[in-house]
There are 2 protein chains.
Amino acid sequence: MAETSTQGGETLLFLTDEQLRKGIEAMFFAYRGFTADPDRILDQHGYGRAHHRAIHFINRQPGLTVTTLLAVLGVTKQSLNRVLRTLIEDGLVENRVGRRDKRERHLYLTPTGEALERELSGAQRERMRSAYRAAGPQAVAGFRQVLEAMIDPDMRRHYQMMKDGS
Amino acid sequence: MAETSTQGGETLLFLTDEQLRKGIEAMFFAYRGFTADPDRILDQHGYGRAHHRAIHFINRQPGLTVTTLLAVLGVTKQSLNRVLRTLIEDGLVENRVGRRDKRERHLYLTPTGEALERELSGAQRERMRSAYRAAGPQAVAGFRQVLEAMIDPDMRRHYQMMKDGS
DNA sequence: CTTGGAAAGTCAACAAGGCTGACATAAAAT
DNA sequence: ATTTTATGTCAGCCTTGTTGACTTTCCAAG
């Protein structure tokens with residue numbers, strides 16, 4: 001793939017534009033695969049990818065506030081609210097007033113919401129698991145390292161927050 | 001990351017749901033980073049991500065037909081046409097009637113189109129390059145392996161086609 | 001205690017980019 | 001001569017993003 005050489009103990013990478021381009025295309029096609037299974041499931045339930053994202057992060061960090069979710073998702077509150085409203089109306093998400101700060105609303109999945117979350121993440125994990133298996137353990141480590149290095153600095157704190165569990 | 005053990009010469013992966021979940025989130029945040037730079041540039045030119053995808057693949061395989069591009073992008077012709085029309089009107093893409101089969105239209109970037117393509121892919125390659133550098137040469141190989149394993153089987157032929165240059 | 005600002009929510013309007021369905025034309029294939 | 005393929009177009013719909021304006025509730029600092 002990328003030829004390497006050592007110079008003064010440091011490993012150098014020779015990356016041609018062509019190699020980088022292949023990485024870009026792999027990213028494009030892989031992301032499509034990554035979202036394909038959830039998209040099918042969501043469609044059956046009458047939801048879209050935006051609902052999935054909300055459900056995912058509420059499940060990941062139960063009780064997070066609307067503002068936090070807004071920052072993680074990187075959308076406007078009007079956009080999020082449209083999605084969140086339907087999820088609350090449909091009884092998938094619950095909205096509890098904050099104990100300390102009563103302005104805040106803390107978001108939780110209901111049992112119904114958790115069921116959908118399991119269905120969605122189950123499919124996604126299955127694809128991820130089989131990709132990991134096909135690529136092997138060494139590849140898995142590299143995969144995460146490169147992805148993490150691609151995350152925007154502004155977003156990295158949100159990623160870390162989720163990663164470490166609040 | 002993922003603990004490994006050897007059993008009969010085969011390496012096994014122990015992947016917890018938690019580890020898979022982290023991979024899923026890394027994918028989510030990384031894709032955002034991946035599209036961030038081009039999105040900014042496109043916005044300045046009054047285009048969107050859909051234009052970028054068309055430009056990318058026309059550049060990758062000059063002279064490809066509309067039907068091929070349709071299959072690669074996985075959208076409807078109505079959707080692609082909206083995008084393609086503006087690119088042709090703005091003089092970024094050229095539409096030549098097929099020599100052998102006169103029903104076909106072969107797509108090419110004009111010099112203006114190529115200039116925008118370079119601007120877009122330059123930014124994207126730069127991010128990819130710095131992620132590669134941060135992660136190291138071993139990681140790079142693994143990254144591509146996992147991504148390729150995640151691609152949908154139906155899409156893999158398109159990926160290969162682009163990868164090998166037609 | 002008042003007042004300023006933060007958290008949440010809502011309405012309206014708009015745009016990009018998906019989708020379906022219907023239809024038209026030119027050219028190739030049968 | 002007829003059917004099929006490749007392309008393009010019109011119309012209309014949906015989701016999900018955006019701005020801007022405005023309200024209510026509540027915390028916190030003066």
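Just so it is clear, the model here is predicted, and its values are computed rather than measured.
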Can you tell which of A:R103, A:R105, A:R99 makes a side-chain hydrogen bond (donor to acceptor under 3.5 Å, both in side chains) with A:D101? A:R103
Identify whether the distance between the nearest side-chain nitrogen and carboxylate oxygen of A:D39 and A:R49 falls below 4.0 Å. yes
Over all strands shown, is A:R82 touching base, sugar-phosphate only, or nothing at heavy-atom distances under 4.0 angstrom? base
May I ask you to verify whether the side chain of B:R103 and the base of D:dT5 hold a donor-acceptor pair under 3.5 Å? yes
Counting the atoms with a prime plus P, OP1 and OP2 as sugar-phosphate, which does B:D43 contact under 4.0 Å by heavy atoms, base, sugar-phosphate, or nothing? nothing
Taking OP1 and OP2 of C:dC11, is either one under 4.0 Å from a side-chain nitrogen or oxygen of A:R85? yes
For B:D39, which contact category applies under a 4.0 Å heavy-atom criterion: base, sugar-phosphate, or nothing? nothing
Contact class for A:H51 vs. all strands (heavy atom < 4.0 Å): base, sugar-phosphate, or nothing? sugar-phosphate
Whole-Å distance between C:dG9 P and A:E104 CD? 11 Å
Should the ring pair B:F143 and A:F143 be called parallel, tilted or perpendicular, given that the plane angle runs from 0 to 90° and is split at 30 and 60? parallel
Rounding to an integer number of Å, can you tell me how far B:R105 CZ sits from D:dT9 P? 10 Å
Electrostatic pair B:E126:B:R129 at N-O distance under 4.0 angstrom: yes
Could you tell me which non-hydrogen atom of A:M155 sits nearest to which non-hydrogen atom of A:V72, and how far apart they are? SD-O, 4.0 Å
Measure from CZ on B:R40 to P on D:dT18 and round the result to the nearest Å. 15 Å
Do the side chain of B:Q78 and the base of C:dG17 come within less than 3.5 angstrom through a donor-acceptor pair of N or O atoms? no
Whole angstrom value for the distance that separates P of D:dC27 from NZ of A:K102: 6 Å
Would you mind reading off the distance between B:L70 atom CG and D:dG8 atom C1', rounded to a whole angstrom? 11 Å
Here the distance between atom P of C:dG17 and atom CZ of B:R53, to the nearest Å, is 8 Å
Which is more 5' along DNA chain D, the nucleotide nearest A:L80 or the one nearest A:R100? Just name the residue. A:L80
First of B:T65 and A:R99 reached from the 5' end of DNA chain D, by closest nucleotide: B:T65
Measure the distance from NZ on B:K77 to P on C:dC23 and round it to the nearest whole Å. 13 Å
Could you check how far CG of B:N81 sits from P of C:dG18, rounded to whole Å? 13 Å
With respect to the phosphate group of C:dC19, does any side-chain polar atom (N or O) of B:T76 fall under 4.0 Å of OP1 or OP2? yes
